[in-house]
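To start, the structure itself, in structure tokens.
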Protein chains: 2
Amino acid sequence: MESLDDDTRTFILHFGEMGSHWGINRTVGQVYALLYLAEKPLCADDIVAALGVSRSNVSMSLKELQAWRLVKLQHLSGDRRDFFSTPDDVWEIARTLIEERRKRELDPTLSVLRDLMLRSDEQDESHSQQRIREMHDLLEQSMRWSDDLLRLNPSTLKQVIRLGDGVRKLVDFGNRKT
Amino acid sequence: MESLDDDTRTFILHFGEMGSHWGINRTVGQVYALLYLAEKPLCADDIVAALGVSRSNVSMSLKELQAWRLVKLQHLSGDRRDFFSTPDDVWEIARTLIEERRKRELDPTLSVLRDLMLRSDEQDESHSQQRIREMHDLLEQSMRWSDDLLRLNPSTLKQVIRLGDGVRKLVDFGNRKT
DNA sequence: CATTATTTTCAGTAATTACTGAAATTACGG
DNA sequence: CCGTAATTTCAGTAATTACTGAAAATAATG
């Protein structure tokens with residue numbers, strides 16, 4: 001950690017601390033941050049050297065980051081070690097993050113809500129049944145929407161994001177059309 | 001917990017378990033779920049009775065949920081106890097959740113990235129400086145966009161979400177116009 | 001197929017986070 | 001103000017999660 005320059009260290013430490021808010025632990029956050037800034041792919045021992053954590057901790061952290069599809073493994077010619085890096089395009093990174101979070105945070109909930117709705121009585125809907133349906137519909141709608149957005153290619157997505165306030169005008173226009 | 005009907009219990013237990021993914025603890029998740037389904041506002045002892053956790057735990061959990069603006073405190077006439085409930089409109093709930101998560105997860109990061117960029121050399125941008133700037137720009141853009149979306153009134157927002165795939169067509173149209 | 005480099009697993013331990021019960025504080029009603 | 005109902009705080013403890021070192025597994029090389 002001492003061998004890193006000030007800005008890099010600040011960045012890495014911040015990602016470690018934010019880890020808790022993001023549902024990952026400190027080391028995982030730091031490993032990701034290090035790889036994100038790295039100019040070239042790093043091997044596990046590079047990470048051990050940079051962060052000063054145990055080799056096994058790095059191994060587990062890399063495994064978790066791979067499960068998140070946030071780092072990719074690659075091999076350098078004439079070297080049998082595994083090297084790791086993050087994708088170059090930050091938009092692609094964001095997309096992966098959103099997809100994976102959805103998978104972990106939203107999908108299981110939607111599945112439970114669906115089950116609960118199946119058991120519910122169509123005719124005489126109780127208050128909690130109604131509440132469950134409202135949450136279900138909201139989640140389903142939001143997910144359909146984010147699916148549509150994520151399906152856009154990066155450059156179209158960038159355009160949508162850049163629209164900003166223009167979204168409002170487009171909606172108004174869309175309404176007038178129907 | 002035994003006094004609750006099956007579906008309610010399933011719902012509450014699920015929210016307790018999901019808590020870890022969402023950065024809140026089990027009890028906080030359960031308290032929220034209970035209040036979300038409840039027909040009327042509940043007081044702390046109602047929650048203790050329903051969930052079987054300690055009074056102090058309920059107190060702390062309610063405090064956290066209030067900090068998240070996910071439950072509101074109210075008083076019933078002729079009763080000096082505090083009662084709690086969740087907003088009726090699920091879209092309002094979603095908006096609050098997004099705003100609060102942004103505040104906790106994104107704002108601090110954006111602030112660190114801004115600081116790091118200030119120190120950076122405009123002329124001769126190093127690889128990590130460039131990487132930091134890319135992440136900063138992405139976050140800033142996304143936040144501006146979500147701000148714009150959240151500023152829409154609920155019914156317009158619902159329309160945007162319902163647009164779904166139509167977003168693509170609207171963007172195409174927007175492009176043709178400029 | 002033996003050697004060596006590399007990665008993974010996992011039991012034990014350290015660190016952190018969640019929860020409780022008791023005591024302190026607040027605030028209402030007489 | 002006094003008494004009481006209600007809530008909050010907090011020190012201690014329980015439960016969970018993170019991390020390490022050593023041992024096991026995997027895989028490349030001659």
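Keep in mind that this is a model prediction, so the values were computed, not measured.
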Between atom [atom1] in [X] and atom [atom2] in [N], what is the gap in whole Å?
| X | N | atom1 | atom2 | result |
| --- | --- | --- | --- | --- |
| B/L73 | D/dT8 | CG | C1' | 13 Å |
| A/L65 | C/dT7 | CG | P | 16 Å |
| B/H75 | D/dA5 | NE2 | P | 17 Å |

Got a second to check how far [X]'s [atom1] is from [Y]'s [atom2], nearest 0.5 Å?
| X | Y | atom1 | atom2 | result |
| --- | --- | --- | --- | --- |
| A/R144 | A/D148 | CZ | CG | 8.5 Å |
| B/D46 | B/F84 | CG | CZ | 11.0 Å |
| B/Y32 | B/L97 | OH | CG | 7.5 Å |

Would you say [X]'s side chain and [Y]'s backbone share a donor-acceptor pair under 3.5 angstrom?
| X | Y | value |
| --- | --- | --- |
| A/R131 | B/Y36 | yes |
| B/S59 | B/R55 | no |
| B/S111 | B/D107 | no |
| A/D137 | A/E134 | no |
| A/R9 | A/L4 | yes |

Could you run through nucleotides 8-20 of chain C and give me one letter per nucleotide, 5' to 3': B if any protein heavy atom sits under 4.0 Å from the base, S if only the sugar-phosphate is that close, - if neither? BB--------SSB
At how many degrees, to 10°, do the end axes of the helix from C/dC1-D/dG30 to C/dG30-D/dC1 meet when each uses five pairs? 30°
Using a strict cut-off of less than 4.0 Å between a Lys/Arg side-chain nitrogen and an Asp/Glu carboxylate oxygen, indicate whether A/R101 and B/E105 qualify as a salt bridge. yes
Please write out the pairs of protein N or O atoms and N or O atoms of nucleotides 26-29 of chain D separated by less than 3.5 Å, giving the distance to one decimal.
none

Let me know which of B/Q74, B/E39, B/K40 forms a side chain to side chain contact (heavy atoms under 4.5 Å, CB included) with B/S85. B/Q74
